*Asks:* 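Take a look at this one; I'll ask things after.
In listed order, ligands and their atoms are each counted from 1. Because the structure is a prediction, the values reported are computed rather than measured.
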Amino acid sequence: MSINIRAVQQGFVGEVTAINLCAPITQAQADAIEKGMDDYAVLTFPGQPMTDEQQVAFTRNFGQLEITLAGQMAKPGERRFQQLELGDISNYANGDTSRHYAREDKKRLYALANRLWHSDASFRAVGAGYTLLHARVVPSKGGNTEFADMRAAYLALDDDARAEADSLVCHHSIVYSREQIGLAVQSADQGDKLKPVPHKLVIQDPVNGRKSLYLSSHIGAIEGWPVPEARAYLRDLTEHATQRRFVYAHEWRGNDLVVWDNRTVMHRARPFKDLQEKRDLRRTSLKGVGLEVRAPELRAAE
Ligand code: OGA
Ligand code: MN
């Protein structure tokens, strides 16, 4: 049986049914999902009670999994999952399901930056392609994830604004996004991981030619611009790109899987009573090889 995709938000969000992600999928199904990801940019798969292993196996259909910076930095004793490809997006203290983070816990504060609009791993020379987020436990209220359509936002700019954006190269670092919430990330022991990396502000899909704004709260500078001017410009552009007409808010239900393409979508977490209620999601991400293709002249910077 072929998969079914229902438009939730035209050209942006689709809901996929008539597929079981708890079992291996066929090449035809993987192709249909990839096409769906191009036609839309966010796909939701309700009612998929996947295990960790099934999520990793499903993700592998679409490319090479990446290990998040948080995963890399966690000490083995503090890791919730032995599989480094699996990201722990929960408010459990060090993965202990009986304890919430304390209010001042460094990891909780670090994760709060997810509430800023961002594109996953844009602070890497090759940012993330798809991210897959699977809901296991959801709070009774709040805790949505919001998605903003960076292709529509680009198209809605006027000619002059598009031409200006087309010409710009931005510098991304995890230090910049944490700085925005007043959190200093130490650089002494992190070496190159914190060094800003350049990405074009406008990226283009090499196959279909569609352009999108590659915005992210990890951006802190624009090549050749004074920093205050860059920050003011980025604030305006982000405000434009995240108007409600470009945004979809996902209200999680248990066993939802949501997949988005970080090259065409920004996203952010919404608050919930995280010191009282539980929220447990699992994340896998793919290396965004398409982006490499999209900015070949920047690859030398790696
Ligand atoms: C992420 C992320 C948002 C959320 O896992 O990359 O941004 O709502 N999550 O938890
Ligand atoms: Mn994210």
*Asks:* Apply side-chain hydrogen bond (donor to acceptor under 3.5 Å, both in side chains) to His250 and Asp256, showing your working.
*Replies:* CA-CA 10 Å; His250 189 74; Asp256 279 353; 2.9 Å; yes

*Asks:* Hey, are His118 and His267 close enough side-chain-wise for a donor-acceptor pair under 3.5 Å?
*Replies:* yes

*Asks:* Can you tell whether the side chains of Lys287 and Glu66 come within less than 4.0 Å, N to carboxylate O?
*Replies:* no

*Asks:* So, applying salt bridge (Lys or Arg N to Asp or Glu O under 4.0 Å) with Asp274, which one of Arg103, Arg279, Arg108 is it?
*Replies:* Arg108

*Asks:* Identify, by name, the N, O or S atom of Asp120 lying closest to the Mn ion (ligand 2).
*Replies:* OD1

*Asks:* Could you grab the angle centred on the Mn ion (ligand 2), going from NE2 in His267 to NE2 in His118, to 10°?
*Replies:* 80°

*Asks:* Would you check if the distance from the ring center of Tyr130 to the ring center of Trp260 is below 6.0 Å?
*Replies:* no

*Asks:* May I have the N/O to N/O pairs between ligand 1 and the protein that fall below 3.5 Å, each with atom names and distance to one decimal?
*Replies:*
{"unit_1": "ligand 1", "atom_1": "6 (O)", "unit_2": "Asp120", "atom_2": "OD1", "d": "3.1"}
{"unit_1": "ligand 1", "atom_1": "6 (O)", "unit_2": "Asp120", "atom_2": "OD2", "d": "3.4"}
{"unit_1": "ligand 1", "atom_1": "6 (O)", "unit_2": "Arg283", "atom_2": "NH1", "d": "2.7"}
{"unit_1": "ligand 1", "atom_1": "7 (O)", "unit_2": "His118", "atom_2": "NE2", "d": "3.1"}
{"unit_1": "ligand 1", "atom_1": "7 (O)", "unit_2": "His267", "atom_2": "NE2", "d": "3.0"}
{"unit_1": "ligand 1", "atom_1": "8 (O)", "unit_2": "Thr145", "atom_2": "OG1", "d": "2.6"}
{"unit_1": "ligand 1", "atom_1": "8 (O)", "unit_2": "Arg279", "atom_2": "NH2", "d": "2.8"}
{"unit_1": "ligand 1", "atom_1": "10 (O)", "unit_2": "Arg279", "atom_2": "NH1", "d": "2.9"}
{"unit_1": "ligand 1", "atom_1": "10 (O)", "unit_2": "Arg279", "atom_2": "NH2", "d": "3.4"}

*Asks:* Is any NZ, NE, NH1 or NH2 atom of the basic residue among Asp105 and Lys107 found under 4.0 Å from an Asp or Glu carboxylate oxygen of the other?
*Replies:* no

*Asks:* Does a side-chain N-to-carboxylate-O contact under 4.0 Å join Asp38 and Lys35?
*Replies:* no

